[in-house]
Each structure stands twice: as C-alpha cells, then as structure tokens.
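One structure below.
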Amino acid sequence: MSNCNHPIVLAFYLNRDMLTNTQLTKEYVDSVNEMIAKKEYNVMAFFMPTDGDDRLECLNPLLMTEELKQEVYPILKDIQKSFDINLESGSGS
C-alpha cells in the first residue's frame with residue numbers, strides 16, 4: 001500500500017460537556033474542517049468525547065509499522081467509503 005494516499009488521522013478529544021452544546025461543537029468542527037480543506041491537508045479529523053483533559057492525538061501513516069498499517073488502512077478505507085471522503089482532496093470529516 002502506498003503511504004501517499006493515506007491521510008494523517010487527527011483525533012480531537014474534547015470535554016464531554018462542551019460536546020453537548022451542539023452550536024459550539026458545530027462551530028468548532030466546522031472551523032477545523034474548513035482549515036483542513038483550505039490548506040488542502042490530507043487529514044481525517046475525528047472529534048471524540050472525553051471526561052479527562054482535552055487533547056489532540058495524531059496517527060501518521062508514514063511512521064506506522066507494516067503490522068499497524070494492515071490494521072489501520074482497512075478501517076480508513078471503510079470510513080472513506082462510509083462518509084464519502086475523497087482522500088486525495090485533503091478534506092476532513
């Protein structure tokens with residue numbers, strides 16, 4: 001599998017209470033996705049609730065072992081199909 005077509009995966013872990021405010025969450029998610037699209041980054045962003053501290057984690061396909069790639073790439077492909085994401089366009093979800 002070629003690394004160049006696989007996006008960097010960003011997982012935003014956000015306070016669960018903040019995520020219950022749908023307007024605030026929508027604005028946050030929209031601004032992140034707009035920045036990803038504007039900069040044409042090859043990134044998929046996921047927003048996850050947490051009861052702990054807010055944090056951002058990254059999975060870079062260029063740094064993955066072959067074993068991890070075999071686990072992760074089918075998941076990314078499934079997400080790409082499920083959410084109609086064109087990975088070459090650099091858009092996030």
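All figures in this text were calculated on a predicted structure; none of them were measured in a lab. Position 1 is the first residue of the sequence, and the numbers go up from there. Atoms considered below: every heavy atom in the structure, side chains included; atoms not considered: hydrogens, waters and symmetry mates.
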Discussion item. Applying side chain to side chain donor-acceptor pair (under 3.5 Å), can you list everything that pairs with Lys26, at least two apart in sequence or on another chain?
Written reply: Asp30
Discussion item. What's the separation between atom CD1 in Ile75 and atom CD in Gln70, rounded to the nearest 0.5 Å?
Written reply: 11.5 Å
Worksheet, complete the sentence: Residues at least two apart in sequence or cross-chain that pass salt bridge (Lys or Arg N to Asp or Glu O under 4.0 Å) with Asp53, listed by chain then number, are none
Worksheet entry | Leu56 with Leu63, same ILVMFWY side-chain cluster at under 4.5 Å | no
Donor-acceptor list for residues 7-16 side chains, cut-off 3.5 Å, not counting sequence neighbours:
| from | atom 1 | to | atom 2 | distance (Å) |
| --- | --- | --- | --- | --- |
| Asn15 | OD1 | Asp17 | N | 2.7 |
| Asn15 | OD1 | Met18 | N | 3.3 |
| Arg16 | NE | Asp51 | OD1 | 2.8 |

Worksheet item: What are the two closest non-hydrogen atoms of Met64 and Lys69, and how far apart are they?
Response: O-CE, 3.3 Å
Worksheet item: At what distance, to the nearest 0.5 angstrom, does CG of Asn21 lie from CD of Glu27?
Response: 8.0 Å
Fill in: Lys39: side-chain contact (heavy atoms from CB on, under 4.5 Å) partners, not counting sequence neighbours
Met35, Tyr41
Response to the item:
Residues at least two apart in sequence or cross-chain that pass salt bridge (Lys or Arg N to Asp or Glu O under 4.0 Å) with Glu34, listed by chain then number, are none
Discussion item. Going by the rule side chain to side chain donor-acceptor pair (under 3.5 Å), which residues pair with Glu67 if we only count those two or more places apart in sequence or in a different chain?
Written reply: none
Item to complete: Decide yes or no on salt bridge (Lys or Arg N to Asp or Glu O under 4.0 Å) for Glu57 and Arg55, but give the supporting numbers first.
Response: CA-CA 7 Å; Glu57 294 185 3; Arg55 67 187 189 280; 2.7 Å; yes
